[in-house]
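Keep in mind the model is a prediction, meaning the values are calculated, not measured. All values below come from the heavy atoms of this structure, side chains included, with hydrogens, waters and symmetry mates left out.
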Amino acid sequence: AVYAAGQLFDLRSMQPGDDVTAWLETDPADGGVSLVGISLRPEAERQVLVSRTRNGTWTSHELKAKLSPGYSQISGDIKMSLYETAIGLGAGDQQVVDYADILGYDIDFQRETQTGDHFEILYETFEDERGQEVKTGNILFASMDGAALTKSFYRYTPSDDRQVDYFDENGQSAKKFLMKTPINGARLSSGFGSRKHPILGYTKLHKGTDFAAPRGTPIYAAGNGVIERIGPWSTFGNYIRIQHANGYETAYAHMNGFAKGLRKGPRVRQGQVIGYVGTTGRSTGPHLHYEVYVNSKAVNAMRLKLPTGRKLDGAQLEAFKAE
């Protein structure tokens with residue numbers, strides 16, 4: 001049965017939570033139980049059926065559901081957290097993650113959202129022939145109206161470069177040159193500036209921002225760039241330094257380890273996982289030490305005014321507004 005299923009679906013790609021059904025048959029003569037069929041659903045719209053034939057061999061075939069596209073909209077005021085409120089209103093994990101990615105260039109969801117901030121998400125849905133929602137798609141509209149930010153973004157694909165992006169009502173891209181924080185779910189434990197060093201005991205300039213987080217928490221590249229240093233380095237432990245355009249550089253220290261396949265030289269893209277939180281080097285506990293340099297001078301990443309992404313104009317702006 002496994003071999004027959006493997007003709008249509010790589011069983012090694014199955015994940016916890018995948019839907020599997022097995023059919024069993026009991027022999028009335030001796031009570032013996034045997035397998036007669038298996039149903040697997042590798043994708044929401046695709047089902048693989050495996051059945052035993054009369055001569056004892058196994059055969060497999062697939063069924064594809066015809067899905068009808070639709071939309072779902074949720075909005076509300078944040079209560080305990082954005083995640084809990086959105087999930088309570090019917091959103092899935094993916095919608096919350098995508099929403100945070102879209103607005104994450106403008107707001108730090110760990111520190112700048114407040115109870116009562118209003119949010120809205122409009123996203124694609126897909127229903128099967130029975131009218132049941134079987135999967136969701138892209139966010140088409142995302143907005144935040146709160147104490148720290150009031151912004152709305154629309155999903156749009158410009159006809160010239162065909163690069164999908166999110167733009168505000170004036171055609172300004174949501175993306176910034178660098179992400180505001182290259183880690184999710186962390187607590188800002190030490191800011192930029194002079195401080196009493198927790199290990200050395202004397203006051204010195206802290207050239208970065210520390211984010212306390214559990215060991216193994218993913219760390220992202222803050223922007224597109226080239227890895228110019230990777231590996232153990234001085235008191236920073238496991239360390240990565242990325243060179244970006246326009247004289248910008250970012251550095252990530254005390255990492256537990258690096259993402260697989262990374263080395264000096266290749267380009268990385270914004271949001272790509274480059275490593276994981278640790279406490280290597282001179283460190284008192286698991287955290288990310290994050291630094292930003294502009295023309296080789298260390299700057300406060302939390303106060304940095306970053307260059308923005310694309311701004312639509314002319315015919316592209318008019319087409320965007322029409323859509």
For Met255, is there any backbone N or O sitting under 3.5 Å from a side-chain donor or acceptor partner on Asn238?
yes

Side-chain donor/acceptor pairs under 3.5 Å, residues 14-27, sequence neighbours excluded:
from  : atom 1 : to    : atom 2 : distance (Å)
Asp18 : OD2    : Gln15 : N      : 2.8
Asp27 : OD1    : Ala29 : N      : 2.8

Which atom names give the shortest non-hydrogen contact between Gln95 and Gly137, and what distance separates them?
NE2-O, 4.2 Å

Write down the atom of Gln114, the atom of Ile78, and the distance for their closest heavy-atom approach.
O-CB, 3.9 Å

Please work out whether the ring planes of Phe141 and Tyr154 are parallel, tilted or perpendicular, with thresholds of 30° and 60°.
tilted

Between Thr85 and Ser81, is there a donor-acceptor pair closer than 3.5 Å when you use the side chain of the first and the backbone of the second?
yes

Does Gln316 reach the main-chain N or O of Asp313 with its side chain, forming a donor-acceptor pair under 3.5 Å?
no

Gln47 versus Glu62, side-chain donor and acceptor atoms under 3.5 Å:
no

Do Thr217 side-chain atoms and Pro214 backbone N/O form a donor-acceptor pair below 3.5 Å?
yes

Taking everything shown except Lys264 itself, do over 12 heavy atoms lie less than 6.0 Å from its NZ?
no

Compare all side-chain heavy atoms of Ile219 with those of Val273 and state whether any distance is below 4.5 angstrom.
no

Please evaluate residues Thr279 and Thr284 with respect to the criterion side chain to side chain contact (heavy atoms under 4.5 Å, CB included), reporting the C-alpha separation (whole Å), side-chain torsions for both, the decisive distance (0.1 Å), and the verdict.
CA-CA 7 Å; Thr279 184; Thr284 57; over 6 Å; no

Tell me, do Phe167 and Asp165 make a side-chain contact under 4.5 Å, heavy atoms counted?
yes

Check the pair Met179 / Tyr105 against side chain to side chain contact (heavy atoms under 4.5 Å, CB included), numbers first and verdict last.
CA-CA 5 Å; Met179 298 168 66; Tyr105 295 94; 4.1 Å; yes

Any donor-acceptor pair under 3.5 Å linking the side chain of Asp168 with the backbone of Ser152?
no

No-hydrogen, no-angle side-chain donor-acceptor test under 3.5 Å, Gln94 and Thr136:
no

Could you tell me whether the side chain of Thr150 reaches within less than 4.5 Å of the side chain of Met144, counting heavy atoms only?
no

For Lys176 and Asp106: C-alpha separation, side-chain torsions, deciding distance, then whether salt bridge (charged side-chain N to carboxylate O under 4.0 Å, His left out) applies.
CA-CA 8 Å; Lys176 299 291 191 297; Asp106 291 286; 2.9 Å; yes

Hey, is the main chain of Gly314 close enough, under 3.5 Å, to the side chain of Glu318 for a donor-acceptor pair?
no

For residues Val292 and Ile227: do they belong to one hydrophobic cluster (side chain heavy atoms under 4.5 Å, members Ile, Leu, Val, Met, Phe, Trp, Tyr)?
yes

Could you please spell out the steps behind the side chain to side chain contact (heavy atoms under 4.5 Å, CB included) verdict for Phe177 and Asn246?
CA-CA 10 Å; Phe177 182 67; Asn246 306 320; 4.1 Å; yes

Before giving the answer on side chain to side chain contact (heavy atoms under 4.5 Å, CB included), spell out for Ile87 and Asp93 the whole-Å C-alpha distance, their side-chain angles and the decisive distance to 0.1 Å.
CA-CA 7 Å; Ile87 294 298; Asp93 285 353; 3.6 Å; yes

Gln243 (side chain) donor-acceptor with Glu228 (main chain) under 3.5 angstrom
no

So, do Asn138 and Asp98 sit near enough that their side-chain heavy atoms are less than 4.5 Å apart?
no

Less than 4.0 Å between a side-chain N and a carboxylate O, is that true for Arg241 and Glu249?
yes

Which of these passes side-chain contact (heavy atoms from CB on, under 4.5 Å) with Thr113: Leu82, Leu149, Ile107?
Ile107

Checking Thr250 against Tyr252: is there a side-chain donor and acceptor pair closer than 3.5 Å?
yes

Given the rule that I, L, V, M, F, W and Y join up when any side-chain heavy atoms are under 4.5 Å apart, are Ile121 and Tyr71 in one cluster?
no

Flag the pair Ser68 / Phe126 as yes when at least one side-chain heavy-atom distance between them is below 4.5 Å, and no otherwise.
no

Quiz question: by atom type and distance under 3.5 Å, do the side chains of Tyr293 and Glu291 form a donor-acceptor pair?
yes

Given Gln172 and Tyr166, is the side chain to side chain donor-acceptor pair (under 3.5 Å) satisfied, shown in steps?
CA-CA 8 Å; Gln172 177 65 61; Tyr166 290 86; over 6 Å; no

Is it possible for you to say whether Ile74 and Ile139 belong to one hydrophobic cluster, with membership spreading through side-chain heavy-atom contacts below 4.5 Å?
yes

Taking atom OG of Ser72 and atom CD of Glu127, what is their separation to the nearest 0.5 Å?
9.5 Å

Is it true that a side-chain atom of Ser39 and a backbone atom of Leu49 form a donor plus acceptor pair closer than 3.5 Å?
no

Between Tyr156 and Phe320, what is the ring plane arrangement, given parallel below 30°, perpendicular above 60°, and tilted in between?
perpendicular

Any donor-acceptor N/O pair, Lys321 side chain to Asn170 backbone, under 3.5 Å:
no

Taking the side chain as C-beta and beyond, is there a heavy-atom pair between Thr59 and Val50 under 4.5 Å?
no

Quick one: CD1 on Ile242 to CD1 on Ile230, what's the gap to the nearest 0.5 Å?
9.0 Å

Considering residues at least two apart in sequence or located in another chain, which fulfil the ring-ring contact (aromatic ring centres under 6.0 Å, His included) criterion with Phe236?
Trp233, Tyr239, His289

Taking 4.0 angstrom as the limit, do Asp101 and Lys175 come out as a salt bridge?
no

Apply the test salt bridge (charged side-chain N to carboxylate O under 4.0 Å, His left out) to residues Asp160 and Arg310: give CA-CA distance (whole Å), side-chain angles for both, the deciding distance (0.1 Å), then the verdict.
CA-CA 12 Å; Asp160 51 3; Arg310 179 177 182 178; 2.6 Å; yes

Is there a side-chain contact between Pro69 and Glu124 in this structure, where contact means two heavy atoms from C-beta onward sitting under 4.5 Å apart?
no

Short question: side chain of Thr115, backbone of Lys79 - any donor-acceptor pair under 3.5 Å?
yes

Do Phe211 and Phe258 land in one hydrophobic cluster if side-chain heavy atoms of ILVMFWY residues count as linked below 4.5 Å?
yes

Under a 4.5 Å side-chain heavy-atom rule over Ile, Leu, Val, Met, Phe, Trp and Tyr, are Leu312 and Leu140 clustered together?
yes

